[in-house]
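Just so it is clear, the structure is predicted and the values come from calculations on it, not from any experiment.
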Protein chains: 2
Amino acid sequence: MASVPHHDHVNHAGRALVGAARDAMVAGGEQWTDMRAAVFESLASFDQPASAYDIADRVSQLLGRRVAANTVYRILDLFVSKNVAMRVESRNAYLANAHPDCLHDCIFLVCDGCGATTHVDDDVLSNGVRERASAAGFKAERPVIEVRGRCSDCRD
Amino acid sequence: MASVPHHDHVNHAGRALVGAARDAMVAGGEQWTDMRAAVFESLASFDQPASAYDIADRVSQLLGRRVAANTVYRILDLFVSKNVAMRVESRNAYLANAHPDCLHDCIFLVCDGCGATTHVDDDVLSNGVRERASAAGFKAERPVIEVRGRCSDCRD
DNA sequence: GCTCTCGATGAGATAATATAACACGACGCC
DNA sequence: GGCGTCGTGTTATATTATCTCATCGAGAGC
């Protein structure tokens with residue numbers, strides 16, 4: 001598989017992930033409030049893309065009080081804009097970003113069997129998509145590349 | 001721009017488009033009922049991706065009676081499965097397919113200014129995405145490549 | 001300390017998108 | 001006629017997303 005581009009970022013995990021998210025937010029001029037921390041932790045605690053409502057439930061549990069969806073949406077939108085979370089369009093769901101510090105157009109492999117979603121980067125491909133858009137006179141702002149299919153565990 | 005792959009299909013328009021859709025459906029072993037024709041015509045009458053509810057409204061108008069969303073969804077799902085329509089995931093909306101007879105993974109350029117969505121094909125890119133998925137042990141079934149941005153009319 | 005403003009959150013309502021459950025009629029087949 | 005399948009109608013409900021306005025606290029300027 002020598003031809004496949006690799007990714008050698010540190011993949012922040014657990015509390016380190018939270019720290020990386022906080023740093024990225026602060027670096028972007030945003031506050032890191034308790035609520036935002038709670039939303040991020042909840043988001044990161046899923047092993048699959050989570051809907052805003054899933055997250056709202058988990059945040060509510062975490063904080064011991066009811067947190068409304070719109071609070072969660074506001075924060076998720078902010079996270080996405082700061083590259084701390086990513087939205088999986090074809091599932092209307094969100095993922096924590098393991099390396100917010102580095103900017104890629106990412107490619108999601110979304111398993112229709114188990115829902116697991118893996119995230120790969122391939123700048124050659126994503127630049128190709130951007131170039132293809134430019135060639136059509138289009139100013140690419142946010143490429144969305146997601147592949148629906150079956151992960152290795154869920155193939156027949 | 002000689003390096004950009006082209007597309008030389010006949011782009012069916014108007015009634016010819018409807019005919020192509022009907023043929024594709026029939027070829028796929030599906031019926032072409034009045035309701036399906038009405039949904040397809042309504043879909044094709046939009047110059048932008050249309051939501052199922054937009055379509056339901058237009059079908060209702062066309063038929064002079066109330067047609068419920070789920071009827072439209074059923075038919076749209078069928079259309080998508082037969083490649084007669086396509087779903088734009090990042091807008092929760094649908095487009096008629098101008099050449100149902102030929103199968104591509106398509107790339108949508110979705111303008112966040114005016115909503116216009118153009119459809120390009122680039123088998124080199126889409127195969128690249130499929131290969132990238134395979135390399136990760138993933139069985140690609142439906143690649144989704146959509147680019148959010150600004151069309152040439154809506155750039156600053 | 002006081003007040004002003006601003007950003008963050010709370011609360012409730014509502015909109016927009018999508019699916020479920022079940023009934024009914026048309027049609028083909030036996 | 002009796003049965004099965006397919007397409008649609010009808011109603012209800014689930015899920016996702018946004019809007020509006022109120023409140024609260026931190027910091028700036030005085």
- [ ] Please name the residue in the list B:V88, B:V80, B:V72 that meets the side chain to side chain contact (heavy atoms under 4.5 Å, CB included) test with B:Y94.
- [x] B:V80
Open item on the list: Side chains of A:S51 and A:D54: any donor to acceptor distance under 3.5 Å?
Closed with: yes
Rounding to an integer number of Å, can you tell me how far [X] [atom1] sits from [N] [atom2]?
X: A:N92; N: D:dA14; atom1: CG; atom2: C1'; value: 13 Å
X: B:I75; N: D:dC6; atom1: CD1; atom2: P; value: 16 Å
X: A:L76; N: D:dT18; atom1: CG; atom2: C1'; value: 14 Å
X: A:I55; N: D:dT15; atom1: CD1; atom2: P; value: 16 Å
X: B:Y73; N: D:dT8; atom1: OH; atom2: P; value: 17 Å
X: B:M35; N: D:dC6; atom1: CE; atom2: C1'; value: 16 Å
X: B:D77; N: D:dC6; atom1: CG; atom2: P; value: 17 Å
X: B:Y53; N: D:dA14; atom1: OH; atom2: C1'; value: 11 Å

Open item on the list: At 4.0 Å (heavy atoms only), tell me whether B:A68 reaches a base, stays on the sugar-phosphate, or touches nothing.
Closed with: base
Task: B:F108: ring pair (Phe, Tyr, Trp, His ring centres under 6.0 Å) partners, not counting sequence neighbours - done: B:H119
Would you mind checking if [Y] and [X] are paired as a salt bridge, meaning a charged N to carboxylate O distance below 4.0 Å?
X: B:R142; Y: B:E89; answer: yes
X: B:D57; Y: B:R66; answer: yes
X: A:D112; Y: A:R150; answer: no

TODO: Could you tell me which residues satisfy side chain to side chain donor-acceptor pair (under 3.5 Å) with B:T118, sequence neighbours excluded, listed by chain and number?
DONE: none
Check whether any side-chain N or O of [X] sits under 4.0 Å from OP1 or OP2 of [N], and answer yes or no.
X: B:T71; N: D:dT8; answer: no
X: B:T33; N: D:dG7; answer: no
X: B:R65; N: D:dT10; answer: no

Task: ILVMFWY clustering at 4.5 Å (side-chain atoms), partners of B:V144 - done: none
Open item on the list: Can you list, by chain and residue number, the hydrophobic cluster partners of B:L103 when the side-chain cut-off is 4.5 Å?
Closed with: none
Open item on the list: At under 4.0 Å between heavy atoms, how does the protein contact nucleotides 19-29 of chain D? Give one character per nucleotide, 5' to 3', with B, S or -.
Closed with: BB---------
Open item on the list: Reading DNA chain C from 5' to 3', where do the contacts with chain B start and stop? Cut-off is 4.0 Å to heavy atoms.
Closed with: C:dT17 to C:dA21
